[in-house]
Amino acid sequence: MRRILFVKLGHFSYTNDEVMAQLGKNFPGHDLIVADVKDIVKRDYFTLGYNVLAEVATFGPSVLKNRGDLHAFFFRTPFMFRRLNEMLVEKYAALAPELDFVIQTQGLFNARIPGAPFFIYTDYTFLSNLDFPGHDRRQFRSEKAMRYEADLYRSADAIAVTGSHVERTLVRQYGCDPARVRTVHIGANIVVRPVSTELSRYAAKHVVFVGVEWERKGGPALVEGFRRAQQAHPDARLTIVGCSPDVSGPGITVAGLVPRAQMPPFFEAASVFCTPSLIEPLGIAAVEASLYRLPVVATQIDGFMETVVDGETGLLVPVNDPDAIASALGRLFADPDLARRMGAAGFERNHDRFNWDEVGKRLRAMAEGIAPRLRQAA
């Protein structure tokens with residue numbers, strides 16, 4: 001029996017679903033075992049209860065103020081990191097002789113199974129947060145959690161990352177062997193279909209924002225910047241997709257959470273994409289927007305510098321700067337041909353680089369480098 005163990009945490013913005021599909025496509029003849037650590041831990045009430053106490057003790061009672069923080073820090077305690085590895089080893093250790101490799105997404109747990117090659121695919125590290133001015137200092141309160149994460153990366157047989165800035169962090173700040181780390185990028189998580197490139201589309205001055213986390217994605221600064229740009233362009237419109245902030249005003253529409261199958265019409269109807277995040281590992285929505293031939297207005301942070309070429313495929317602005325956002329939007333509103341050219345350039349740059357089929361081939365090549373049985377079968 002040839003098997004692969006894929007360990008994940010939830011959907012990871014649909015990325016886990018796409019990774020699972022690529023594993024099935026690129027490793028035919030293998031039995032793909034999928035383990036979601038959320039499902040594993042939710043059946044253990046002692047672990048759940050104890051970890052909530054550990055979470056508060058480690059990161060402070062402020063994590064109880066909202067569900068978002070409670071969830072975000074739940075999988076960052078040293079206790080949970082150790083416990084999940086114990087549970088995974090207990091459940092899957094007997095399969096080690098049949099596993100060509102184990103692959104996990106993200107670095108919030110350790111899915112290494114003794115005797116099986118071990119592979120990580122991630123879009124961030126804890127230390128990557130230091131590159132973002134708006135990072136949450138609570139994440140760094142546990143030296144033990146940071147040490148566990150560092151040991152995880154340094155002991156992995158291979159690490160695939162979505163962006164080169166994460167690759168640099170792993171090599172420079174974690175001391176990982178450069179030969180074991182490779183940027184493979186990520187693919188669009190929505191269906192991409194042909195779209196209008198008529199000048200009238202870009203002259204419509206219709207901005208679309210896409211993001212679930214309104215504050216982290218820079219929503220308040222966007223609204224303020226949009227309103228300032230609207231003073232010179234009163235026919236401009238803004239559609240907010242993915243969340244439901246308490247925002248209203250002329251030309252502003254809040255669409256709320258939208259299933260990914262229903263996302264294409266929002267990109268097709270837009271003239272400009274703008275999500276000026278404070279923190280962004282990669283910004284897959286910006287990639288998706290570029291594949292719908294939209295110019296992108298985003299912030300000057302590493303995640304967007306991977307996906308947006310300032311002045312060529314979009315405009316990058318300082319973090320939390322409504323005036324700069326207003327200026328960028330106003331420039332594109334006033335010059336729809338520039339918006340069209342940037343949208344075309346973004347499509348040409350990103351449609352192969354950020355493509356799941358290409359990512360799947362890169363993951364296959366990395367797996368062959370660490371899994372002897374794959375090399376023998378090739």
Side-chain angles (χ1 to χ4, degrees), residues 4-27 32-44 48 51 66-76 80-81 84 87-88 91-92 102-111 119-126 128 159-163 166 184-192 209-217 240-244 255-264 266-267 275 277 279-289 291 303 307 354-357 359-360 363:
I4 296 168
L5 175 61
F6 173 39
V7 188
K8 64 189 185 77
L9 194 164
H11 287 286
F12 181 14
S13 298
Y14 301 111
T15 294
N16 283 331
D17 299 337
E18 299 291 350
V19 171
M20 185 166 61
Q22 290 299 323
L23 291 174
K25 181 182 296 186
N26 285 278
F27 299 93
L32 180 61
I33 304 168
V34 181
D36 191 325
V37 296
K38 278 189 175 180
D39 293 335
I40 291 172
V41 76
K42 73 181 182 182
R43 303 187 187 104
D44 188 325
L48 287 171
N51 192 62
N66 61 72
R67 291 184 64 184
D69 280 358
L70 186 63
H71 179 268
F73 288 95
F74 186 82
F75 286 95
R76 297 186 181 185
M80 182 55 71
F81 199 98
L84 280 174
M87 298 170 84
L88 289 166
K91 188 175 179 67
Y92 297 109
V102 177
I103 181 170
Q104 74 174 63
T105 45
Q106 300 176 289
L108 294 172
F109 51 90
N110 181 357
F119 191 5
I120 301 172
Y121 177 43
T122 189
D123 69 338
Y124 90 110
T125 68
F126 279 164
S128 294
I159 309 171
V161 297
T162 61
V166 184
V184 301
H185 294 304
I186 198 170
N189 291 328
I190 61 172
V191 174
V192 178
F209 164 98
V210 178
V212 175
E213 299 175 65
W214 177 246
E215 299 286 340
R216 180 175 73 81
K217 296 285 186 175
I240 297 167
V241 184
C243 55
S244 299
L257 188 62
V258 173
R260 66 170 172 165
Q262 297 174 23
M263 278 301 304
F266 290 97
F267 286 120
T275 298
S277 302
I279 296 173
E280 192 65 72
L282 184 76
I284 190 61
V287 171
E288 292 165 350
L291 298 183
T307 58
F354 297 97
N355 176 291
W356 272 117
D357 286 338
V359 172
L363 292 174

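Computed from a prediction, not measured in an experiment: that's the story for all the values here.
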Item to complete: Please report the closest heavy-atom contact between Leu257 and Gly242, naming both atoms and the distance.
Response: CD1-O, 3.6 Å
Fill in: Worked verdict on Tyr92 versus Val102 for side-chain contact (heavy atoms from CB on, under 4.5 Å)
CA-CA 10 Å; Tyr92 297 109; Val102 177; over 6 Å; no
Discussion item. Quick one: does any side-chain atom of Trp356 pair with a main-chain N or O of Val19 as donor and acceptor, under 3.5 Å?
Written reply: no
Worksheet item: With distance as the sole test, does Glu18 use its side chain to make a donor-acceptor pair with the main-chain N or O of Asn189 at under 3.5 Å?
Response: no
Worksheet entry | Phe74 CZ to Met80 CE distance, which is reported to the nearest 0.5 Å | 4.0 Å
Practice prompt. Grab the two heavy atoms, one from Pro281 and one from Asp123, that are nearest each other, plus how far apart they are.
Written response: CB-O, 3.3 Å
Item to complete: Give the minimum heavy-atom separation between Gly303 and Thr307, together with the two atoms involved.
Response: O-OG1, 3.7 Å
Worksheet item: In a check of side chain to side chain contact (heavy atoms under 4.5 Å, CB included) between Tyr121 and each of Ile159, Val161, Thr105, which one passes?
Response: Thr105
Worksheet item: Among all residues two or more places apart in sequence or in another chain, which pass the salt bridge (charged side-chain N to carboxylate O under 4.0 Å, His left out) test with Glu215?
Response: none
Practice prompt. Output the distance between atom CD1 (Ile284) and atom CZ (Phe354), rounded to the nearest 0.5 Å.
Written response: 7.0 Å
Practice prompt. Would you give the length of the straight line joining atom CD1 of Ile103 to atom CZ of Phe27, rounded to the nearest 0.5 angstrom?
Written response: 7.5 Å
Worksheet item: Got Leu32 and Phe6 here, is their nearest side-chain heavy-atom distance under 4.5 Å?
Response: yes
Response to the item:
In this structure, CZ of Phe109 is separated from CD1 of Ile120 (nearest 0.5 Å) by 9.0 Å
Worksheet item: So, does Asp17 use its side chain to make a donor-acceptor pair with the main chain of His11 at under 3.5 Å?
Response: no
Worksheet item: What heavy-atom pair brings Ser244 and Gly256 nearest, and what distance separates the two atoms?
Response: OG-CA, 3.3 Å
Discussion item. If you define the side chain from C-beta out and look only at heavy atoms, does anything of Val210 sit under 4.5 Å from Glu288?
Written reply: no
Discussion item. Distance check, rounded to the nearest 0.5 Å: Ser277 atom OG versus Arg216 atom CZ?
Written reply: 6.0 Å
Worksheet item: Passes side-chain contact (heavy atoms from CB on, under 4.5 Å), Gln22 versus Val359? Steps please.
Response: CA-CA 8 Å; Gln22 290 299 323; Val359 172; 5.9 Å; no
Worksheet item: Looking only at atom types and distance, does a side-chain atom of Arg260 sit under 3.5 Å from a main-chain N or O of Ile190, one as donor and one as acceptor?
Response: no
Worksheet item: Nearest 0.5 Å, what's the NZ-CG distance between Lys38 and Leu84?
Response: 12.5 Å
Worksheet item: Is there side-chain contact between Val7 and Val37, with heavy atoms separated by less than 4.5 Å?
Response: yes
Worksheet item: Taking side chain as C-beta onward, heavy atoms only, is Ile186 less than 4.5 Å from Leu282?
Response: yes
Worksheet item: Any sub-3.5 Å donor-acceptor pair from Asn110's side-chain atoms to Phe81's backbone N or O?
Response: no
Worksheet item: When Lys42 is tested against each of Ile40, Asp39, Asp44 for side chain to side chain contact (heavy atoms under 4.5 Å, CB included), which residue passes?
Response: Asp39
Practice prompt. Please assess Thr15 against Lys8 for the test side-chain contact (heavy atoms from CB on, under 4.5 Å), listing each intermediate value before the final yes or no.
Written response: CA-CA 10 Å; Thr15 294; Lys8 64 189 185 77; over 6 Å; no
